[in-house]
Amino acid sequence: MAAGAPIRIRLPDGASAAPGPEDTVGSVLARWAPSKAAEFLAGLWEGQPVDLGFRPAASGSLAPLTFSDRKGWEILQHSSAHLVAKAVVETIPDALPTVGPPTDDGFYYDFDVRPLTPPDLDAVRAAMARSVKAREAFVRRELPRQEAERLFARNPHKLRYIAEVPAGEVVSVYDTGGFTDLCRGPHVPDTRWLEGVHILGFSAAETTAPQGRPLQRIRGVGFPTRELLEQYLKLRAEAVARDHRTIGQRQELFLFQEAVPGFPFWLPNGMVIVRELERFVTEHLRSAGYSEIRTPLLYARSVYETSGHWEHYRENMFVSEIEGQEFGWKPMNCPGAMLIFGSRPRSYRELPLRLAEFAPLHRLEASGTLHGLLRVRELVQDDAHIFVTEEQIAPEIRVLLAWIRQACATFRLAYSFELSTRPPSSLGEAADWEKAEGTLRSLLVESGAEFRASAGEGAFYAPKIDIHVKDSLGRPWQTGTIQLDYQMPKRFGLQYQGPDGALHTPAVVHRTILGTWERFVGVLTEHVAGRWPPWLAPVQVRLLPVTDRHAEASRAVAEELSAAGLRAGVGGSDATLPKRIREAELERVPYVVVLGDKEVADGSVSVRIRGTRQSTSMSRAEFVARVLDRVRRREFDP
RNA sequence: GCCACUGUAGCUCAGUCGGCAGAGCGGCUGAUUCGUAAUCAGCAGGUCGGGGGUUCAAGUCCCUCCAGUGGCUCCA
């Protein structure tokens, strides 16, 4: 860069600066906003993240990056990963670092190393603490390729990454207190920024190491201060307490037995919730023109050869041999729906033909993937198959998108859409897939929804719009799905006679709204933290007589509530009233009603509405009307 | 399925060096009849995940199988 060439730096708010030869991004930004300079962990130079130590060599635009900026956040995560790598190498000298990227909610670093143990991790934490205390700077160096190769000669993984750097690009490394890592950067200025780094856990990652041993992954999350980390840990502890497996046990919603891993047992309380959800969906089915069907759970192998499951889904199917013939337990409802459609000639006048089926499905999920209700081997979807003409596709899917949004609003669930396209192992021709993918994409765009494209994640027979919701720890789970299928109708030879008298093949929209009862109840349990909306609560009203003298009156109120279609029960008077109130609170009963002399005398009730921690007096009629209204309207709060 | 870890009463967990199986909550019984988040006392409750091995002796050490947890892969 020619000495003396005038450089102008454009800053946010229209400010500008003329840097001297000694100036860095950091010094320019600090002069521009001295009061906020402590928060700047990197800069954005011409739209690209750079170190604070970067020296602009030409005119350009510059903005600061802080932990609150997504890019700044990512830089801190990535620097945290470097810190972990440094600590691991210090602890286990022959560990080979591979990659350590930021993720949606933190970072990880994969190592080619013997399996790690908890004591290793303690040592790693201690080494990290030493680095943080020592305030080690992240120093960038740009190297000739050969020198970089020499530097990482012991580490085949790094050599591979060096080879992947495009010819024109520089190879850069970062030094941190004697540890050097291949890295594009940028980084936070020094390890002081990493005092809030936290290791979440370790596990095996993919097997890409040359010896075939799995890489060891250390996951973590970084914060610039201890206080922010403490806040995060507190939130996380609350999230763990919301785990549906814990609440499901405590509230006796469901259980699992060792004898049938992955097969949920629905207990009476859980079944109440399932039935209410079923009703929620079924009411809609009627008004939206669906018919219900029930088809067999088992089909001969030939059916799955037709559907394509045998070729593309076999490893996930339970198979039984009956009288020498192979039968498969259905993992999806589509074959049954296809067979019904194809059972007689069909007219275009029957379309769209909407066939709903809530049948148990069996999927042989790998043992290591089972996860409470969120990943099971036996499940029931709120499933339907809609047979449509080409023209009917868009209107049908519009209705479905609106319906899904409305359903999520009822549950106050945050959700995101994902467009999943043709997977590597799939049926049919590329042209069909492109057409179907294009239709789904344009409908999503038209709906104004934000969505993520997920290449290659579609079903083997169709691309799909998936709905994702997150569990208490932020892990995403797919619930609803809308799939546009041109393949199965062809393979089953389905046809309808059109107004033109000719035979046509329908398209099929496979769809669920809530997904499966299992996963939806799991996610919802965590979302509401066991505080069920009144319409879903297994027990809606708990009546507590102050003494035995008030038991009769309590039963009378309970009967009145039951007659009105509510789930009400009397809590015996053996324990003290405060204790019974405590029990009801812990059970998260939405309405706790206390009846004593006063209430019996004047026909009122003393109601403790969940979340208020205090009692409200009202007339019985008023109370019943309130609860009924909340329940009928499916209000979220009591 | 892969890697690591975990498995003791219904639940949450203690159990030291290999030497008689423990607590709290819950349950049952009795007393208490109580006004908005825990009344008191007593009692019952265990193939220490299953199987095998080492040992005079195994909850404890070894092997193996099963299940669960966290990830990986995969998926609603």
Side-chain angles (χ1 to χ4, degrees), chain A residues 108 110 114-118 120-121 200-208 212-219 240 243 245-246 249-250 252 255-262 313 315-316 331-332 361 363-377 379-383 420 423 457 459 464 466-469 473 475-481 483 510-520 522-523 544-551 572-587 592-599 606-609 612-617:
Chain A
Y108 67 81
D110 284 347
R114 64 164 168 79
L116 299 174
T117 62
D120 289 333
L121 229 53
L200 287 164
F202 66 100
S203 67
E206 57 203 309
T207 310
T208 55
R213 64 180 175 180
L215 299 176
Q216 299 291 307
R217 173 166 299 182
I218 297 184
R219 294 178 316 114
V240 168
D243 191 305
R245 293 164 297 190
T246 310
Q249 178 176 275
R250 189 182 184 109
E252 298 198 15
L255 57 81
F256 289 91
Q257 296 269 312
E258 216 177 297
V260 272
Y313 205 77
E315 68 279 10
N316 278 310
M332 304 174 191
L361 304 176
R363 299 184 179 182
L364 185 49
E365 302 292 351
S367 55
T369 65
L370 301 178
H371 184 94
L373 284 180
L374 298 181
R375 190 77 183 277
V376 294
R377 286 178 169 167
L379 51 107
V380 180
Q381 294 182 320
D382 59 331
D383 204 3
S420 302
E457 294 295 313
K464 50 185 190 161
D466 288 332
I467 288 78
H468 290 248
V469 302
L473 287 178
R475 295 172 289 208
W477 296 92
Q478 187 196 315
T479 56
T481 186
Q483 311 173 345
H510 309 237
R511 108 288 177 281
T512 65
I513 304 300
L514 304 183
T516 71
W517 306 137
E518 289 75 18
R519 184 170 287 180
F520 196 78
V523 167
L544 300 178
V546 174
T547 75
D548 286 340
R549 294 195 309 280
H550 315 103
S573 52
D574 214 33
T576 59
L577 183 62
K579 173 138 186 186
R580 285 176 285 148
I581 287 172
R582 177 182 151 83
E583 283 167 356
E585 287 280 357
L586 289 174
E587 284 174 50
V592 179
V593 173
V594 172
L595 278 118
D597 288 337
K598 179 180 169 297
E599 287 75 21
S606 169
V607 187
R608 206 179 145 108
I609 298 169
T612 63
R613 304 183 75 89
Q614 59 185 17
S615 61
T616 312
S617 186

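So you know, we letter chains A, B, ... as the sequences are listed, proteins then strands, and number each from 1. On a predicted model such as this, the values are computed, not experimentally measured, just so you know.
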(message) At less than 4.0 Å, is any side-chain N or O atom of A/H371 found next to OP1 or OP2 of B/G68? Yes or no.
(response) no

(request) Identify, with sequence neighbours excluded, every residue that meets side-chain contact (heavy atoms from CB on, under 4.5 Å) alongside A/V240. (result) A/L473

(request) Quick one: label A/D597 by what it contacts on the DNA or RNA (base, sugar-phosphate, nothing), any heavy atom closer than 4.0 Å. (result) base

(request) May I ask you to say what A/G201 touches in the nucleic acid, namely base, sugar-phosphate or nothing, with a heavy-atom cut-off under 4.0 Å? (result) nothing

(request) Using atom CZ of A/R377 as one end and atom P of B/C75 as the other, report the distance to the nearest whole Å. (result) 16 Å

(request) Calculate the interatomic distance between A/I218 atom CD1 and B/C3 atom C1'; express it in whole Å. (result) 13 Å

(message) Defining pairs by Watson-Crick or G-U wobble geometry with both distances under 3.5 Å, how would you list the stems of RNA chain B with at least three pairs each?
(response) B:1-7 with B:66-72, B:10-13 with B:22-25, B:27-31 with B:39-43, B:49-53 with B:61-65

(request) Record whether the side chain of A/R375 comes under 3.5 Å of the base of B/C74 through a donor-acceptor pair of N or O atoms. (result) yes

(message) Each nucleotide in nucleotides 36-47 of chain B should get exactly one letter: B, S or -. Can you fill that in based on protein heavy atoms under 4.0 Å?
(response) BBBB--------

(message) Taking only the C1' atom of each, what is the distance from B/A9 to B/C13 in whole angstrom?
(response) 11 Å

(request) Could you list the residues that satisfy side-chain hydrogen bond (donor to acceptor under 3.5 Å, both in side chains) with A/D382, not counting sequence neighbours? (result) none

(request) Could you tell me whether A/G515 contacts a base, only the sugar-phosphate backbone, or nothing, with contacts defined as non-hydrogen atoms closer than 4.0 Å? (result) nothing

(message) What is the separation between atom CG on A/L370 and atom C1' on B/G68, rounded to the nearest whole Å?
(response) 10 Å

(request) Using the P atom on both, measure B/G49 against B/U6 and round to a whole Å. (result) 13 Å

(request) Remember a base hit wins even if backbone is also touched, and classify A/Q216 as base, sugar-phosphate or nothing at under 4.0 Å, heavy atoms. (result) sugar-phosphate

(request) Describe the nucleic acid contact of A/R511 in one word from base, sugar-phosphate, nothing, applying a heavy-atom distance below 4.0 Å. (result) nothing

(request) Using a cut-off of strictly less than 4.0 Å, decide whether A/S367 has a side-chain nitrogen or oxygen near OP1 or OP2 of B/G1. (result) yes

(request) Have a look at A/T516 and tell me which of A/L379, A/L373, A/L361 forms a side-chain contact (heavy atoms from CB on, under 4.5 Å) with it. (result) A/L379

(request) Only counting residues at least two apart or in another chain, list the ones meeting ring pair (Phe, Tyr, Trp, His ring centres under 6.0 Å) with A/H550. (result) none

(message) Tell me every residue that passes side-chain contact (heavy atoms from CB on, under 4.5 Å) with A/E457, counting only those two or more places apart in sequence or in another chain.
(response) A/S420, A/S454

(request) Give one of base, sugar-phosphate or nothing for A/R219, where a contact means two heavy atoms less than 4.0 Å apart. (result) sugar-phosphate

